[in-house]
Trainee: 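Before anything else, here's the structure in question.
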2 protein chains.
Amino acid sequence: MKVSSRGEYALRALIALGLQEGNVSTIADISGQTLVPAAYLEQILLQLKMLGYLKSRRGKKGGYMLAKAPDQIVIGEVIRSLEGPLAPMGCVSITSYEACPLEGTCLLKPFWALIRDSIAQLLDQTTLAHLIERKL
Amino acid sequence: MKVSSRGEYALRALIALGLQEGNVSTIADISGQTLVPAAYLEQILLQLKMLGYLKSRRGKKGGYMLAKAPDQIVIGEVIRSLEGPLAPMGCVSITSYEACPLEGTCLLKPFWALIRDSIAQLLDQTTLAHLIERKL
DNA sequence: TCGATACCTGAGTATGTTAGTCAACATAAT
DNA sequence: ATTATGTTGACTAACATACTCAGGTATCGA
Ligand code: FES
Ligand code: FES
């Protein structure tokens, strides 16, 4: 049930940028604060930009900043974009359902569904603003 | 947040055996019921045996059966044995803690802890008996 | 006792994922 | 023009996953 380093790093970066409120931060800055290797962080920031969470300015005095208000950035969506569905099995995923062979009689499916609901509810009701303001 | 096929297969096998209550089942039988490739299932059953969930009889008329009552088999423990800690990050794992570099100031840690608690509570309060009797 | 039927053991393999690195390029400010 | 920045795409090492397979060993029934 681990979350990958990529997902963790993305959230760290979003938090770092959220705390800057308005100012641009260079990759090197963010790398310093988050302890994520700069070259790897680069990839992740780019992806977050394509997903619409960040905007960037090139050249001297360039850098990254949030493209949305922190309370508009839902953690569940970020994780889904970076690591795929939250559900533990394809057959209980709402966002990307995939059939199981035993599905008709499977005694596990309702259980997986319970887990999915529990995780998804938590992640989808938490925003970047909640994390930054320590209001969970 | 996916659970691996190994974990899923193990649970399928435990359910199949739980429904047999007392009778031994051969690997081929279980494979037929669970649709898990027999050679792979063999590995998994062996592991479940070493972990104390199953016992076996060799030779003709041999096979596997549960070593414990279904209400003594906690799903959380099975998953942990097969796939490692339930926690999404090492720094919030109770059973196998691992330090994070940012741990002092990290705004994510309390959030991961919440997720861990939610998952662990669900998995640790569910037993094989609950699955078999459809009482979740 | 013999042989068939099971489980047991350990090695091997194909495929994919993760966690990065690196070189070269494009753009904006000074 | 120079320099500081983001951009792009390819590349790699290491590991995990999902299996297969070739034997070995115990047990039952005839
Ligand atoms: S786990 Fe998907 S149907 Fe059983
Ligand atoms: S995630 Fe472990 S301390 Fe931040």
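Proteins come first, then strands; the chains are lettered A, B, ... in the order of their sequence lines, and each starts at number 1.
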Trainee: With a 3.5 Å cut-off and just heavy-atom distances, do the side chain of B/E42 and the base of C/dC7 make a donor-acceptor pair?
Mentor: no
Trainee: Identify which nucleotide among C/dG20, C/dA26, D/dC21 has an atom closest to any side-chain atom of B/A39, counting heavy atoms from C-beta outward.
Mentor: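 Out of C/dG20, C/dA26, D/dC21, the nucleotide with an atom closest to B/A39's side chain is D/dC21.
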Trainee: Would you mind reading off the distance between B/R6 atom CZ and D/dA18 atom C1', rounded to a whole angstrom?
Mentor: 9 Å
Trainee: Is any side-chain N or O of A/S56 closer than 4.0 Å to OP1 or OP2 of D/dT7?
Mentor: yes
Trainee: Does the A/E83 side chain pair with the main chain of B/M1, one donor and one acceptor, at a distance under 3.5 Å?
Mentor: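 Judged by distance alone, no pair lies under 3.5 Å.
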Trainee: Identify whether any heavy atom of A/L45 sits under 4.0 Å from a base atom; if not, whether one sits that close to sugar-phosphate; answer base, sugar-phosphate or nothing.
Mentor: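 Nothing: the residue A/L45, judged by heavy atoms under 4.0 Å, touches no strand.
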Trainee: When the distance from CD1 of B/I27 to C1' of D/dT20 is rounded to whole Å, what number comes out?
Mentor: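 Atom-to-atom, B/I27 to D/dT20, this comes out as 14 Å.
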Trainee: Would you mind checking if B/E103 and B/K109 are paired as a salt bridge, meaning a charged N to carboxylate O distance below 4.0 Å?
Mentor: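 A salt bridge links B/K109 with B/E103.
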Trainee: In terms of heavy-atom contacts, does CD of A/E98 have more than 12 from other residues, nucleotides or ligands at under 6.0 Å?
Mentor: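 Counting neighbours around CD of A/E98, 12 or fewer heavy atoms of other residues, nucleotides or ligands fall under 6.0 Å, so no.
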Trainee: Taking for each residue the nucleotide of DNA chain C bearing the nearest heavy atom, is the 5' side occupied by A/A38 or by B/K49?
Mentor: B/K49
Trainee: With a 3.5 Å cut-off and just heavy-atom distances, do the side chain of A/Q43 and the base of C/dT21 make a donor-acceptor pair?
Mentor: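 Yes, the side chain and the base share a sub-3.5 Å donor-acceptor pair.
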Trainee: Answer yes or no: does a side-chain N or O of A/Y40 lie under 4.0 Å from OP1 or OP2 of D/dC11?
Mentor: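 No, no such contact exists.
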Trainee: Please tell me whether A/V3 and A/I15 are part of a single hydrophobic cluster in this structure, the criterion being side-chain heavy atoms less than 4.5 Å apart.
Mentor: yes
Trainee: Report yes if a side-chain nitrogen or oxygen of B/S5 is closer than 4.0 Å to either non-bridging phosphate oxygen (OP1 or OP2) of D/dA18; otherwise report no.
Mentor: yes
Trainee: Between P on C/dC7 and CE on B/M50, what's the gap in Å once rounded to a whole number?
Mentor: 15 Å
Trainee: What is the distance, to the nearest angstrom, from the CG atom on A/L82 to the P atom on C/dT18?
Mentor: 11 Å
Trainee: Is the phosphate of C/dT18, meaning OP1 or OP2, less than 4.0 Å from a side-chain N or O of A/Y9?
Mentor: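 For A/Y9, the contact criterion (side-chain N or O under 4.0 Å from OP1 or OP2 of C/dT18) is not met.
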Trainee: Verify, without hydrogens or angle tests, whether B/R57 (side chain) and B/K61 (backbone) share a donor-acceptor contact under 3.5 angstrom.
Mentor: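 Side chain of B/R57 to backbone of B/K61: a pair is present.
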Trainee: Rounded to whole angstroms, how far apart are OH on B/Y64 and C1' on C/dA6?
Mentor: 10 Å
Trainee: How long is the line joining NZ of B/K60 and P of D/dC28, in whole Å?
Mentor: 11 Å
Trainee: Starting at atom CZ of B/R58, determine the distance to atom C1' of D/dG29, rounded to an integer number of angstrom.
Mentor: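 Rounded to whole Å, this separation is 18 Å.
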Trainee: Measure the distance from NZ on B/K61 to P on D/dG29 and round it to the nearest whole Å.
Mentor: 6 Å
